Amino acid sequence: MSKEFKPKIISFLCKWCTYSGADLAGTNRMKYPASILPVRVMCSSRVNPVFMVKSFLHGADGVFVGGCHPGDCHYQSGNYFTRRRFAILTRIFDTLGMESERLKLSWISAAEGVKFVRVTTEFTEEIKSMGENPAKKKVFL
Amino acid sequence: MDQILSIDKGAEEGLVQLLKFLLENDKVSGVFTLRKTTGKGFFDYALITEPGLLEDAIPLHPFMNVNGGKIISSLPPMKKPVAAVIRPCELRSFVELVKRSQGSIDDFLLISYTCGGSFPFDKTLKDNGQKLLPGYWKAVEKGVDSENIRQSCASCEHFVPQNADITVSLLGEKDLRSKCLMYLHSERSMAMTEEFDAEISDGQLEIKRFEALLEKRSEQKKKDFKEINIEDSGLDGMIDLFGRCIGCHGCMRVCPICQCVLCDFESCGYDPDTSVIANELPVRGGVRVPTDTVLFHIGRLSHMSFSCVGCGQCTEVCPADIPVSTLFRKTGEQVAGIFDYIPGRDVDEEIPVTIFKEDELSELGND
Ligand code: SF4
Ligand code: SF4
Ligand code: SF4
């Protein structure tokens, strides 16, 4: 490969927890990979699975959803629904023989800047080892 | 224990007689059934309030032009329940819609039957299936599959109705032309038919006699699922399968589950955006237009596949001959399996995306 593969990871981050966690990482001058492209959502359960599928088919190498820990949702129970939807979508990917490993869900609180850095770095590494999303170069999307 | 009504008439005739009785005696406000539309033999579902119009009712005609479960969910409320004659898969669809607040079980006296399957559209549109009917009913009497039914019917495991007030027994009944047996499962169906002129006995529809058919259909289902072989081919397989999709959304419009008032895929958020195409071109070198066909199908799978009842309507209407229902049912079973969910089983069982358990799926999200 001539150029180093820099993955793009569309990341839907809950405003109350994971997005604030990312902020905390920033104010503490910690570095998280530039592969993470954050999209702030009011709750992880705002993420219609179609958003994830669309990101994937339009060429995102990974799709990340970050929410509050179970029990800590700002809206009481949003993230439990997120969890079910995520289970559904990954099962669909598996049934269709598509790479569900490119989808990731993680609970990261507003206090867990360090965890945000670790999880996003690890996920970036995983995606790097998988290579480019094959959907990126398909004429048919 | 259920009650059995037995009439010395053909199954369809006996059922029409019951429907007439219910309507004439004001037990129900209306009857929803298949009915001959014109003298030419065309037929349609109709909501009937005038008993005389039931002369032309053909409630057991093996052709599902639209999914009746979807249609009854859009009927106006009436004073008393409407007696609706629908197939087991249509009944399951209705139950799924009731869970989505798009109908109420109490509004209907639900009548169904042990179902030998429906004809595909192409086999019926020419002569309304008249030529195929004798063979079909012979097979039903034997309790086996007619060779002319839809692929989705030949692999349907839910041919004995669940949640019906009344089940007309068809499969494996030797004398369908001279005997009509109806099983009453609910108190209200017993109350409504109290004065109906029929022999009454106690009994239960014995499921054992369906074992061979069930086994055959399960085998067929396995074969169909294997044939579509999507898990080995991944995204390329999806593109192969949907490469010929013309994006008409017909499969969605006829789907009894896809009843969102504003569908995602009909909203402006999913209108083709020229800037997206412009941005994609430098990366892809070419873009198939219209875009997002695969997105539509995976998106729909993510919204509703766990509720797919396998009615086969989507495959029937697809102008591009794509086996949509096989894919949706196969994926749906996988997804529903996570939650031990069976669509249409129980009206009190909530759809998997509207509930959760705190202590489930704990492997997800923890790093
Ligand atoms: S996806 Fe197809 S088979 Fe499943 S319920 Fe909808 S129309 Fe019927
Ligand atoms: S595709 Fe989704 S949003 Fe559209 S009708 Fe079906 S379930 Fe509803
Ligand atoms: S009916 Fe067939 S052609 Fe039309 S959108 Fe569905 S799969 Fe595509």
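Everything numeric in this text was worked out from a predicted model, so none of it was measured.
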Which atoms of K115(A) are under 4.5 Å from chain B, going by heavy atoms: the side chain, the backbone, both sets, or neither? side chain
Please look at D94(A) and chain B and tell me whether the side chain, the backbone, both or neither of the residue comes under 4.5 angstrom of a heavy atom of that chain. backbone
Identify which part of V119(A) has an atom lying under 4.5 Å from any heavy atom of chain B, answering side chain, backbone, both or neither. side chain
I'd like to know if the side chain of Q313(B) pairs up with that of R253(B) as donor and acceptor (distance under 3.5 Å, no hydrogens or angles considered). no
Please test F242(B) against F296(B) for ring-ring contact (aromatic ring centres under 6.0 Å, His included), starting from the C-alpha separation and ending with a verdict. CA-CA 10 Å; F242(B) 291 108; F296(B) 166 63; 8.6 Å; no
Which bit of L89(A) comes within less than 4.5 Å of chain B, counting heavy atoms only: side chain, backbone, both or neither? side chain
Donor + acceptor pair across side chains of S325(B), T315(B) (<3.5 Å): yes
Side chain to side chain, F116(A) and M30(A), heavy atoms closer than 4.5 Å: no
Just give me the residue among K104(A), E122(A), R85(A) that pairs up with chain B most often, heavy atom to heavy atom, under 4.5 Å. K104(A)
If we ignore angles and hydrogens, is there a donor and acceptor under 3.5 Å between the side chains of T331(B) and S305(B)? no
Indicate whether any N or O donor in one side chain lies under 3.5 Å from an N or O acceptor in the other, for R100(B) and S73(B). no
Whatever's closer than 4.5 Å to a heavy atom in chain A on E363(B) counts as neither
Checking E280(B) against chain A: side chain, backbone, both or neither under 4.5 Å from a heavy atom? side chain
Could you tell me which portion of T90(A) (side chain, backbone, both or neither) has an atom closer than 4.5 angstrom to a non-hydrogen atom of chain B? neither
Is chain A contacted by the side chain of L241(B), its backbone, both, or neither, given a heavy-atom distance below 4.5 Å? neither
Evaluate the side-chain proximity of H74(A) to K15(A): yes if any heavy-atom separation is below 4.5 Å, no if none is. no
Max heavy-atom pair count under 4.5 Å with chain B, selected residue of H69(A), R118(A), M52(A): R118(A)
For a 4.5 angstrom cut-off between non-hydrogen side-chain atoms, does Q162(B) reach L91(B)? no
Comparing V353(B), I338(B), V289(B) against chain A, the one with the most heavy-atom pairs below 4.5 Å turns out to be I338(B)
Please determine, among N79(A), L96(A), N48(A), the option with the most heavy-atom pairs under 4.5 Å with chain B. L96(A)
When only pairs under 4.5 Å are counted, which of P352(B), G285(B), S362(B) shares the most heavy-atom pairs with chain A? P352(B)
